Amino acid sequence: MTDLINLTLTEMQAGLANGDFSSRELVQAALKRIESSDAKTHAFLHLAKESALKQAEESDRQRKTDKRQPLLGIPIAIKDVLSVESLPCTAGSKILEGYVPPFTATSVKKLIEAGVVIIGKTNTDEFAMGSSTENSAYGVTHNPWDLMRVPGGSSGGSAAAVAARYVPAALGTDTGGSVRQPASLCGVTGLKTTYGRVSRYGLIAFGSSLDTVGAFGRTAEDVAQIFSVMAGRDEKDATSADAPVPQIKFGGDALRGLKIGVPKEYFIGGIQPEVEEKTRAAIAQLKSLGAEIREISLPHTEYALPVYYIIAPAEASANLARFDGVRYGPRADADNLWDVFFKTRGGKFGPEVTRRVMIGTYALSAGYYDAYYGQAQKVRTLIKRDFEAAFGDVDLIAAPTAPETAFKIGEHVNDPLAMYLEDVFTLPANLAGVPGISFNCGFDNNNLPVGLQLIAPHFREDLLLHAAHAYQQVTDWHKRSPKF
Ligand code: GLN
């Protein structure tokens, strides 16, 4: 029975359809594995044991009828920034301790309608601000490849849950790299969708012009299934796009004739040598599969980090104003309203969130707005144009996902800049709104996974998934599993 947890989503689907096992058996196996091992990894903040078993039984009943949804009975996990009715939602923050949303995020709702079973909510940096899950108010998640190391972040719980074989797939969010970077550090496949591709309704907002909902799985094939279900226009999110959603059919020579650009600005000093070596080897492999490789330039890349760290905190400071102790979560005891605000926010927000609210408020304040936020928006446009120009010449861009493999817990906590540098290669895609994917392309000398990132033009997730799938057909990095 323990073998069930080693199946990919696609294999689970086949087994369920064949009657080899039931969804109840799958869910029981997942829960058993989580209960026996998650004390070591801490990928979950909340396990939805009872409701998961109920949903599994219901899906087994459903299977006997004609109405069989595509993901019927498949267990998945949800990052704890996405609202699921009746399950706690903390966003990794003490300010939302005990909060249970009365509604479900559209992305999750569509998956439920497609038949999934929700196993639980996964750990995240507080309000998705971070690159290691060390900013979670509920304790760090440990990387299944090396328990002394971080899983990346902010969707580190979801990435670790897939790497540890707790669930075949999980949802994450990517505002500056939070799906791709943990996918890279945990050796799984993670898709950041185009801005507007998946509804943000029910997602606790961080940076509203940057936030995207994405998915983790072990293979591109599995991620594609989650993606096709979640994507699409939602009238509850005015920024969701009315673009046709591709049903991705794999097969054929996906890479033949595809032009892939390798930006010279992404192979800079300071990047871990094995990361460069493995990503270059993966790019060579894409070439051997028929892709044409060219060096390209994205000249404004170096400004992405400072621009992001103005825009994201500015938007966060506005979005987080709603957490005042009145509308959600716990309320500090005080004699007057101002003190309720001060004490609740001052006592419940962690240091990184506080730092971002302060930076963001400063950048938006009268007299500084033009110098910071206004200027950052202009440079953001230049970064967007870099991608537009590049995609005039190439179909995809290939680069490392993160400058280094999983770092030790505590290694960067006292150095916010070192932590922010984790995102240098992922932030530009968020600023431009384009989709990206990260998948395992080898291991460093410490047996830690290295991720290759591919970036595509707006709404071309299909290209990313096809390319990653083609690579996974001829390599087996994605089949390795951590022993812990
Ligand atoms: N690490 C980045 C940050 O801290 C990105 C986070 C994210 O994508 N949610 O803002």
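Every value quoted in this text rests on a predicted model; they were computed, and no experiment measured them.
Take E35 and apply the side chain to side chain donor-acceptor pair (under 3.5 Å) test, not counting sequence neighbours, and it matches K49. Every residue two or more places apart in sequence or in another chain that forms a side chain to side chain donor-acceptor pair (under 3.5 Å) with D237 is listed here: T239. For T405, the side chain to side chain donor-acceptor pair (under 3.5 Å) partners at least two apart in sequence or on another chain are Q272, D444. In this view, N445 and E274 satisfy the side chain to side chain contact (heavy atoms under 4.5 Å, CB included) rule, not counting sequence neighbours. In this view, E422 satisfies the salt bridge (Lys or Arg N to Asp or Glu O under 4.0 Å) rule with no residue, not counting sequence neighbours. For K408, the salt bridge (Lys or Arg N to Asp or Glu O under 4.0 Å) criterion is met by no residue, not counting sequence neighbours. Evaluation of the side chain to side chain contact (heavy atoms under 4.5 Å, CB included) rule for E277 yields no partner, not counting sequence neighbours. Scanning for side chain to side chain donor-acceptor pair (under 3.5 Å) contacts around Q13 gives Q225, with sequence neighbours left out. Residues passing the side chain to side chain contact (heavy atoms under 4.5 Å, CB included) test with H466 are I248, F250, A254, D462, sequence neighbours excluded.
Counting only heavy atoms from C-beta outward, the side chains of V81 and L203 approach each other to under 4.5 Å. Counting heavy atoms from C-beta on, the side chains of D423 and S131 come closer than 4.5 Å. At a threshold of 4.5 Å between non-hydrogen side-chain atoms, the residues K192 and N430 count as touching. Annotation: side chain of I437 is in contact with side chain of L465 (closest heavy-atom distance under 4.5 Å). At a threshold of 4.5 Å between non-hydrogen side-chain atoms, the residues R165 and P144 do not count as touching. Between F387 and H300 the shortest side-chain heavy-atom distance does not fall below 4.5 Å. The closest side-chain heavy-atom distance from L53 to V27 is below 4.5 Å. Residues C89 and V100 are not in side-chain contact: their nearest non-hydrogen atoms beyond the backbone lie 4.5 Å or more apart.
Within a 6.0 Å radius of OH in Y303, no more than 12 heavy atoms belonging to other residues, nucleotides or ligands are found.
A side-chain N or O of T90 and one of D80 form a donor-acceptor pair less than 3.5 Å apart. No hydrogens or angles considered: nothing links the side chains of E221 and T8 as a donor-acceptor pair under 3.5 Å. Side-chain atoms of S155 and S178 include no donor-acceptor pair closer than 3.5 Å. Of the N and O atoms on the side chains of S209 and E315, at least one donor lies less than 3.5 Å from an acceptor on the other residue.
Between K54 and E50, no side-chain nitrogen of the basic residue sits less than 4.0 Å from a carboxylate oxygen of the acidic one, so the salt-bridge criterion is not met.
Here the side chain of D125 pairs a donor or acceptor atom with the backbone of E134 at under 3.5 angstrom. The main-chain N or O of S438 is never found under 3.5 Å from a side-chain atom of R180 such that the two would form a donor-acceptor pair. One N or O on the side chain of Q55 and one on the backbone of I118 form a donor-acceptor pair closer than 3.5 Å. With hydrogens and angles ignored, the 3.5 Å screen pairs no side-chain donor or acceptor of E126 with any backbone N or O of A91. Looking at T279, its side chain does come within 3.5 Å of a backbone N or O of E276 through a donor-acceptor pair. When atom types are taken as modelled, the side chain of N143 and the backbone of W145 share a donor-acceptor pair closer than 3.5 angstrom.
Scanning all heavy atoms of the two residues, the minimum distance from Y138 to H42 falls at O-NE2, 2.7 Å. Counting all heavy atoms, side chain and backbone alike, C186 lies closest to A163 at O-CB, 3.4 Å. The two residues L87 and S51 come nearest to each other via the heavy atoms CD2-OG, 4.3 Å. Here the closest heavy-atom approach between residue V84 and residue P101 is recorded as O-CG, 3.8 Å. Nearest approach of A114 to V229, heavy atoms of both residues: CB-CG1, 3.7 Å. Looking at every heavy atom in both residues, A128 comes nearest to K79 through CB-NZ, 3.7 Å.
For the atom pair CG of L16 and CD of E25, the computed distance is 9.5 Å after rounding to the nearest 0.5 Å. Taken to the nearest 0.5 Å, the CD1 atom of I5 stands 9.0 Å off from the OH atom of Y166. Considering CD1 of I383 and CG of L427, their distance stands at 9.0 Å, rounded to 0.5 Å. Interatomic distance, OG of S132 versus CE of M419, reported as 3.5 Å (0.5 Å rounding). One distance of note links OG of S184 with CG of N440; it measures 8.0 Å at 0.5 Å rounding. In this structure, OG1 on T173 lies 10.0 Å from CD1 on I204, to the nearest 0.5 angstrom.
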Apply the test side chain to side chain donor-acceptor pair (under 3.5 Å) to residues S23 and S59: give CA-CA distance (whole Å), side-chain angles for both, the deciding distance (0.1 Å), then the verdict.
CA-CA 7 Å; S23 173; S59 75; 3.3 Å; yes
What do the steps show when you test D386 against T301 for side chain to side chain donor-acceptor pair (under 3.5 Å), and what is the final call?
CA-CA 8 Å; D386 279 359; T301 299; 4.9 Å; no
Determine whether T426 and Q453 satisfy the following criterion, side chain to side chain donor-acceptor pair (under 3.5 Å), listing intermediate values before the conclusion.
CA-CA 8 Å; T426 48; Q453 176 179 212; 5.9 Å; no
Given N123 and T141, is the side chain to side chain donor-acceptor pair (under 3.5 Å) satisfied, shown in steps?
CA-CA 7 Å; N123 200 9; T141 295; 3.0 Å; yes
Determine all donor-acceptor pairs shorter than 3.5 Å in which one atom belongs to a side chain in residues 211-220; sequence neighbours excluded.
from, atom 1, to, atom 2, distance (Å)
D211, OD1, T175, OG1, 2.7
D211, OD1, G207, N, 3.1
D211, OD2, F206, N, 2.9
D211, OD2, G207, N, 3.3
T212, OG1, D174, O, 2.6
R218, NH1, N6, O, 3.2
R218, NH1, L7, O, 3.2
R218, NH2, N6, O, 2.8
T219, OG1, D222, N, 3.1
T219, OG1, D222, OD1, 3.4

Pair up each side-chain donor or acceptor in residues 476-484 with any protein partner under 3.5 Å, not counting sequence neighbours, and list the distances.
from, atom 1, to, atom 2, distance (Å)
W477, NE1, Y471, OH, 3.2
K483, NZ, S481, O, 3.4

Show me the donor-acceptor pairs, under 3.5 Å and distance only, between side chains in residues 102-110 and residues at least two apart or in other chains.
from, atom 1, to, atom 2, distance (Å)
T104, OG1, E85, N, 2.9
T106, OG1, D234, OD2, 2.6
K110, NZ, A231, O, 2.8

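Aromatic ring pairs are classed by plane angle as parallel below 30°, tilted from 30° to 60° and perpendicular above 60°; the pair F323 and F349 is perpendicular.
Here the options are L47, I78, I76, the test is side chain to side chain contact (heavy atoms under 4.5 Å, CB included), and the partner is I119; only L47 passes.
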